[in-house]
Undergrad: 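Below: one structure in structure tokens.
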Amino acid sequence: MTTVAAYAAPSAKAPLERTTIERRPVGEFDVLIDIKYSGICHSDIHQARDGWGEGIFPMVPGHEIAGIVAETGSGVTRFKVGDRVGVGCMVDSCGRCDACASGREQHCAEGNTPTYNALDRNGEPTYGGYSTHIVVREGFTVGIPNGIALDEAAPLLCAGITTYSPLKRWGAGPGKKVAVLGLGGLGHMAVKIAHALGAEVTVLSQSLRKKEDGLKLGADHYYATSDPRTFEELAGRFDIILSTVSAPLDFGAYLGLLRTDGILVNVGAPEEPISLNLFSLIGGNRSLAGSLIGGIAETQEMLDFCAAHGLGAEIEVIEAARVNEAYERVLASDVRYRFVIDAATI
């Protein structure tokens, strides 16, 4: 075992503090990653504060990890020391079920192993990217192309794949009208990716406060959802609406913005349940779907796509000691658009 520095929440809702954790020895098919940057996702806050149920503490959050390979196991063939690599939301799966066999490890029948706040196959807690090093199986490590700076690449390991996967699956591209609901950590990447795919992109946000940003990121249109006229003007317009917000919404109202056969895909995860009048779906033959990150191969595809199109996250790099301040600013929507921890400061 190797002792490394980390930032952890000692208990639910407690401020994160500097500590040390143990990383397992590098096994035959493992890589040791010298973490350079770790993004702060809203889901880190949900879990560190028990918003999605009882967590495992102490908890080291972080599933947007970018770094450099420092050591490889004897059986590793895809990576070598010095390679630029990333780790996303999961670090293991059964590898045997239909989902794993089809490259959708996130839907593993036995449950994938999240990067943190979980138990690994040996029953030990997993610790995430708010640390200096991590040991990960080769099969759950992806290569970061040279065309993306490591700090801008870190949020792609969650925000990038979470938005890329549903946009590709439901055919965002030329001739399609795509609405992105919410312009935050997820939403800003959805705008960039949908634009790069060739779709006509509209941002739907509570206010017009970020309109200038949205247009610069690639949006063609920008509307305030606080204005009732928005729902009248945009009724029946969109082929795809991608909801990236983590608060309860009136999904019926947004379903009314879809064309016949349109789809509203939710990637946000509110802590509270929602209610829905099913006539909102039936009336226009519309669909409501959810999407969970992406598999390892698709995550690599997303990184290669982003590199080819010059896409990285819009970030604010912070020292690790500011993580609690960053959490409060995320909750206040005071970041444009993703905090990234400089692991050298841990």
Side-chain angles (χ1 to χ4, degrees), residues 1-7 20-39 41 60-96 100 103-106 108 112-158 160-161 293-304 306-307 340-344 346:
M1 304 291 284
T2 301
T3 301
V4 303
Y7 266 77
T20 58
I21 57 173
E22 299 297 319
R23 294 297 192 189
R24 72 173 187 263
V26 176
E28 181 180 3
F29 299 105
D30 289 338
V31 294
L32 170 65
I33 300 170
D34 178 4
I35 298 174
K36 299 301 183 183
Y37 298 98
S38 183
C41 179
V60 177
H63 56 208
E64 297 180 338
I65 301 168
I68 303 294
V69 175
E71 183 183 342
T72 63
S74 60
V76 171
T77 59
R78 292 179 51 232
F79 301 105
K80 64 182 184 303
V81 172
D83 282 352
R84 295 154 44 93
V85 295
V87 178
C89 300
M90 55 186 170
V91 292
D92 208 350
S93 70
C94 78
R96 301 180 299 273
C100 290
R104 296 183 296 165
E105 298 92 346
Q106 74 273 30
C108 175
N112 72 69
T113 302
T115 306
Y116 70 91
N117 193 27
L119 298 178
D120 65 20
R121 61 178 63 187
N122 297 317
E124 297 296 326
T126 58
Y127 297 123
Y130 297 8
S131 58
T132 59
H133 296 80
I134 189 169
V135 178
V136 184
R137 287 180 56 201
E138 174 187 32
F140 285 81
T141 306
V142 291
I144 296 177
N146 289 327
I148 314 173
L150 283 180
D151 53 359
E152 295 181 4
L156 301 182
L157 277 302
C158 174
I161 185 59
I293 53 172
I296 299 302
E298 189 175 38
T299 301
Q300 186 65 65
E301 176 187 309
M302 175 275 303
L303 288 169
D304 295 340
C306 287
V340 173
I341 296 170
D342 180 352
I346 294 177

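The structure presented is a predicted model; accordingly, all values stated were derived computationally and were not measured.
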Undergrad: Between Asp30 and Arg24, is there a side-chain N and carboxylate O pair less than 4.0 Å apart?
TA: yes

Undergrad: Which heavy atom of Asn112 sits nearest to which heavy atom of Cys108, and what is that distance?
TA: N-CB, 3.8 Å

Undergrad: Measure from the side-chain N and O atoms of Thr20 to the backbone N and O of Thr3, and report whether any donor-acceptor pair falls under 3.5 Å.
TA: no

Undergrad: Looking at every heavy atom in both Ile296 and Gly139, which two are closest together, and how far apart are they?
TA: CG2-O, 3.5 Å

Undergrad: Could you tell me the separation between the SG atom of Cys158 and the CE atom of Met90, rounded to the nearest 0.5 Å?
TA: 11.0 Å

Undergrad: Within the structure provided, determine whether Val142 and Leu157 are in side-chain contact (heavy-atom separation under 4.5 Å).
TA: yes

Undergrad: Atom CD1 of Ile68 and atom CD1 of Ile33: how far apart are they, to the nearest 0.5 Å?
TA: 9.5 Å

Undergrad: Checking side chain to side chain contact (heavy atoms under 4.5 Å, CB included) for the pair Ile65/Thr115: CA distance, chi angles, key distance, verdict?
TA: CA-CA 10 Å; Ile65 301 168; Thr115 306; 4.0 Å; yes

Undergrad: Could you tell me whether a side-chain N or O of Glu138 sits under 3.5 Å from a main-chain N or O of Val31, the two making a donor and an acceptor?
TA: no

Undergrad: Does atom CZ of Arg104 have more than 12 heavy-atom neighbours from other groups under 6.0 Å away?
TA: no

Undergrad: Below 4.5 Å, heavy atoms only, C-beta onward: do Phe79 and Thr141 meet side chain to side chain?
TA: yes

Undergrad: Would you mind reporting whether Asn117 and Pro61 have side-chain heavy atoms less than 4.5 Å apart?
TA: no

Undergrad: Check whether any side-chain heavy atom of Leu32 sits under 4.5 Å from a side-chain heavy atom of His133, and report yes or no.
TA: yes

Undergrad: Is there a donor-acceptor pair closer than 3.5 Å between any side-chain N or O of Ser131 and the backbone N or O of Gly128?
TA: yes

Undergrad: Could you tell me whether the side chain of Glu298 reaches within less than 4.5 Å of the side chain of Ile161, counting heavy atoms only?
TA: yes

Undergrad: State, with a plain yes or no, whether a side-chain heavy atom of Ser74 is found less than 4.5 Å away from one of Glu28.
TA: yes

Undergrad: Can any side-chain N or O of Arg84 pair as donor or acceptor with the backbone N or O of Gly143 at less than 3.5 Å?
TA: no

Undergrad: Please find the pair of heavy atoms, one from Ala153 and one from Ile144, that lie closest to each other, and give the distance.
TA: CB-CG2, 3.8 Å

Undergrad: Walk me through it: do Phe140 and Asp92 pass the test side chain to side chain contact (heavy atoms under 4.5 Å, CB included)?
TA: CA-CA 7 Å; Phe140 285 81; Asp92 208 350; 4.0 Å; yes

Undergrad: Rounded to the nearest 0.5 Å, what separates atom CG in Leu119 from atom CD in Glu124?
TA: 8.5 Å

Undergrad: Ser93 and Cys100: which non-hydrogen atoms are nearest, and at how many Å?
TA: OG-SG, 3.1 Å

Undergrad: Rounded to the nearest 0.5 Å, how far apart are SG of Cys89 and CD of Glu105?
TA: 12.5 Å

Undergrad: Atom OH of Tyr37 and atom CD of Glu64: how far apart are they, to the nearest 0.5 Å?
TA: 15.0 Å

Undergrad: Would you mind reporting whether Val87 and His63 have side-chain heavy atoms less than 4.5 Å apart?
TA: no

Undergrad: When rounded to the nearest 0.5 angstrom, what is the spacing between CD1 in Ile341 and OH in Tyr130?
TA: 5.0 Å

Undergrad: Are the side chains of Ile21 and Tyr127 in contact, using a 4.5 Å heavy-atom criterion?
TA: yes

Undergrad: I'd like to know if the side chain of Thr126 and the backbone of Val91 have a donor-acceptor N/O pair within less than 3.5 Å.
TA: no

Undergrad: Could you give me the CA-CA distance, side-chain angles and deciding distance for Cys306 and Ile148, then say whether side chain to side chain contact (heavy atoms under 4.5 Å, CB included) is met?
TA: CA-CA 8 Å; Cys306 287; Ile148 314 173; 4.1 Å; yes

Undergrad: Under 3.5 Å, side chain of Asp83 to main-chain N/O of Lys80, donor-acceptor pair present?
TA: yes

Undergrad: Which atom pair, heavy atoms only, marks the closest approach of Gly39 to Ala154?
TA: N-CB, 4.1 Å

Undergrad: Check whether Arg23 reaches the backbone of Val4 with its side chain - one donor and one acceptor, N or O, closer than 3.5 Å.
TA: no

